[in-house]
Amino acid sequence: MNEINRAVKGTADVLPDQSDRWQFIERQMFETARLFGFKEIRVPVFEHTEVFNRSVGDTTDVVQKEMYTFDDKGGRSLTLRPELTAGVIRSVIENGLYAGTLPLKCCYLGGCYRYEKPQAGRLREFHQFGVECVGAAAPAADAEVISLAHAVLEAIGLKNVSLEINSIGCPTCRANYHKALKDYFAARKEELCETCLSRLERNPMRILDCKSPVCKEIAAGAPVMLDYLCEDCQAHFDGVQQHLNAAGIHYTVNPTIVRGLDYYTRTVFEFVAGGIGAQSTVCGGGRYDGLIAQMGGPATPSLGFAMGLERLLLVLEHQQTVLPTPAPCDLYIAAMGQAAALKASSLCRALRKEGFACQTDLCAKGLKAQMRFANKIGASFTLVLGDDEIAADTAKLKRMADGHEFDCRLSELTKALYQAKQESAIDSLTDSIIKQEGSKQ
Ligand code: ATP
Ligand code: MG
């Protein structure tokens with residue numbers, strides 16, 4: 001196929017047939033966040049490259065290998081965001097939000113761009129929903145943010161997910177740990193990949209997140225940060241676990257989680273879905289107490305998480321979860337002749353004002369073709385409109401599920417459709433109760 005007819009590698013369209021699923025999980029995400037007091041923030045798709053170099057970290061895979069960086073016509077180096085936290089924190093500093101009421105609780109949803117090897121659950125353009133809680137140091141905040149992620153996953157109907165947590169300490173206790181890691185990796189220097197070799201001096205913890213099988217195998221035996229936590233970090237981590245226990249949220253401590261971004265301190269966590277193979281982490285997050293200061297703001301302890309929408313939808317599909325979809329069309333009006341076509345349009349307009357989803361013919365089709373169309377789009381009711389119906393102010397509302405007809409007046413169509421929908425809802429409820437009773441016997 002010609003290049004202009006093909007989406008760029010690693011990008012995907014969401015087609016009209018698939019967008020209900022996206023809209024459902026997006027609604028659940030924002031609604032759950034609202035219950036926790038988080039409000040949406042929207043930030044640009046691109047930022048000065050430095051925003052990501054400084055925050056995500058220039059020894060990470062994201063910055064070293066995955067960013068879409070380009071010079072604009074004014075000679076500025078810009079980068080398509082590989083994640084949203086950096087941009088949100090840039091905005092928090094620029095707008096002085098750290099000086100307002102704290103904690104500042106915000107959430108976001110948007111596209112992210114990473115030059116990665118495309119595969120199931122891994123794209124070059126993907127979408128993240130995430131939250132940031134700015135200005136909260138207490139362990140209760142960590143548990144609250146984790147509990148929000150947990151509630152979102154529950155609200156979208158995900159099953160079989162496990163929560164893994166770890167603490168990667170603070171710069172003070174991490175200094176000792178870095179030394180231990182350097183000694184460990186230096187002993188097997190010859191086997192490390194080239195990227196990790198360069199990380200050995202500058203940031204040995206990054207080697208723990210390397211995807212190369214050899215480095216992974218070496219990293220498996222490396223010392224773990226949990227053994228090096230200072231008293232304060234240990235107390236904080238204990239506090240987080242107490243809060244999670246009190247909230248009844250199950251977790252396991254996984255000392256090997258370090259996360260792929262440099263800004264994390266203390267608590268880090270991942271939600272992992274069972275049974276979908278390699279791309280199983282659906283949500284990742286943690287605390288980043290040093291980030292705001294590192295980016296030029298005042299020291300402000302903060303934390304957040306991000307979840308990938310494509311990956312969530314993949315898991316939901318894999319688990320065969322049926323997501324609720326809105327009725328595609330309450331009423332289709334099939335019109336015969338010019339006068340009926342005009343009348344059908346005005347009836348549709350009036351019904352839509354009352355919140356009914358209505359459609360009529362836009363292609364000058366014959367009656368049979370119009371009815372076929374109504375069937376295809378899944379219309380709940382149809383109404384055939386001709387000169388006779390208009391003259392007599394009467395018509396029949398046909399329920400497509402069983403062909404049952406309701407007599408109605410065109411001048412009172414809104415009321416009639418409302419009643420017919422109500423009656424049908426009661427009928428189908430009665431049917432399902434009878435079926436349930438039947439299956440019990
Ligand atoms: P991974 O280890 O899978 O590469 P990551 O550590 O790079 O993940 P984060 O930067 O923490 O991921 O992003 C948070 C979430 O965003 C991930 O858990 C995942 O659900 C999603 N995500 C990250 N990269 C991609 C991608 N290339 N395509 C689709 N989803 C992604
Ligand atoms: Mg990654």
Side-chain angles (χ1 to χ4, degrees), residues 7-12 14 22 25-26 29 52 55-57 59-68 79-89 107-132 145-146 148-150 152-153 156 158 161-166 168 195 205-213 215-216 219 254 256-265 267-274 276-288 291 303-318:
V8 174
K9 187 173 176 186
T11 68
V14 177
W22 283 77
I25 67 170
E26 289 170 6
M29 286 166 168
F52 304 111
S55 55
V56 173
T59 56
T60 59
D61 270 357
V62 171
V63 169
Q64 286 190 328
K65 304 178 186 170
E66 299 172 0
M67 292 206 309
Y68 280 92
T79 294
L80 298 184
R81 60 187 182 201
E83 53 109 58
L84 274 88
T85 300
V88 169
I89 295 308
C107 56
Y108 58 77
L109 193 149
C112 300
Y113 305 84
R114 297 185 191 180
Y115 194 78
E116 298 199 72
K117 193 165 167 242
Q119 50 201 290
R122 194 175 290 285
L123 290 106
R124 292 183 174 170
E125 181 188 57
F126 62 99
H127 297 80
Q128 284 188 341
F129 170 80
V131 313
E132 311 297 349
V145 165
I146 291 173
L148 168 51
H150 184 265
V152 167
L153 298 178
I156 65 175
L158 213 71
V161 255
S162 55
L163 165 64
E164 300 184 356
I165 64 169
N166 188 24
I168 56 170
T195 320
M205 251 175 93
R206 282 277 63 88
I207 304 176
L208 299 174
D209 203 43
C210 182
K211 302 272 195 295
S212 113
C215 298
K216 258 190 173 163
N254 177 352
T256 66
I257 296 180
V258 289
R259 310 288 312 127
L261 315 171
D262 264 357
Y263 48 63
Y264 288 118
T265 51
T267 317
V268 287
F269 60 90
E270 289 182 353
F271 283 88
V272 184
I276 63 151
Q279 268 57 253
S280 55
T281 306
V282 289
C283 172
R287 184 167 269 292
Y288 48 85
L291 180 60
L303 71 159
F305 69 72
M307 41 180 80
L309 272 72
E310 284 82 358
R311 250 180 235 187
L312 289 171
L313 286 165
L314 205 65
V315 182
L316 287 171
E317 202 176 313
H318 190 84

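Because the structure is predicted, anything quoted here is derived from the model rather than measured. Ligands are counted one by one from 1 in listed order, and the atoms in each one are counted from 1 as well. Counting begins at 1 with the first residue of the sequence.
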Is a salt bridge present between Arg114 and Glu83, judged by a nitrogen-to-oxygen distance below 4.0 Å?
-> no
Do Arg206 and Asp262 sit within salt-bridge range, that is, some charged N less than 4.0 Å from a carboxylate O?
-> yes
Under the salt bridge (charged side-chain N to carboxylate O under 4.0 Å, His left out) rule, collect the residues that match up with Glu125, sequence neighbours excluded.
-> none
Is there side-chain contact between Val258 and Tyr264, with heavy atoms separated by less than 4.5 Å?
-> no
If the plane angle is over 60° it's perpendicular, under 30° parallel, otherwise tilted; pick one for His150 and Phe271.
-> tilted
Kindly assign one of parallel, tilted or perpendicular to the pair Phe129 and Phe305, based on the angle between their ring planes and the thresholds 30° and 60°.
-> tilted
Enumerate the pairs of nitrogen or oxygen atoms, one from ligand 1 and one from the protein, separated by less than 3.5 angstrom; state names and distance to 0.1 Å.
unit_1   : atom_1 : unit_2 : atom_2 : d
ligand 1 : 2 (O)  : Lys211 : NZ     : 3.3
ligand 1 : 3 (O)  : Arg122 : NH2    : 3.0
ligand 1 : 3 (O)  : Arg311 : NH1    : 3.0
ligand 1 : 3 (O)  : Arg311 : NH2    : 3.2
ligand 1 : 4 (O)  : Arg122 : NH1    : 2.8
ligand 1 : 4 (O)  : Arg122 : NH2    : 3.3
ligand 1 : 7 (O)  : Arg114 : NH1    : 2.9
ligand 1 : 10 (O) : Arg114 : NH1    : 3.1
ligand 1 : 10 (O) : Arg114 : NH2    : 2.7
ligand 1 : 11 (O) : Arg259 : NH2    : 2.1
ligand 1 : 13 (O) : Gln128 : NE2    : 3.0
ligand 1 : 16 (O) : Gln128 : NE2    : 3.1
ligand 1 : 18 (O) : Thr281 : O      : 3.2
ligand 1 : 20 (O) : Thr281 : O      : 3.2
ligand 1 : 20 (O) : Val282 : O      : 3.4
ligand 1 : 20 (O) : Gly308 : N      : 3.2
ligand 1 : 27 (N) : Glu116 : OE2    : 2.6
ligand 1 : 27 (N) : Leu123 : O      : 2.9
ligand 1 : 28 (N) : Leu123 : N      : 2.9

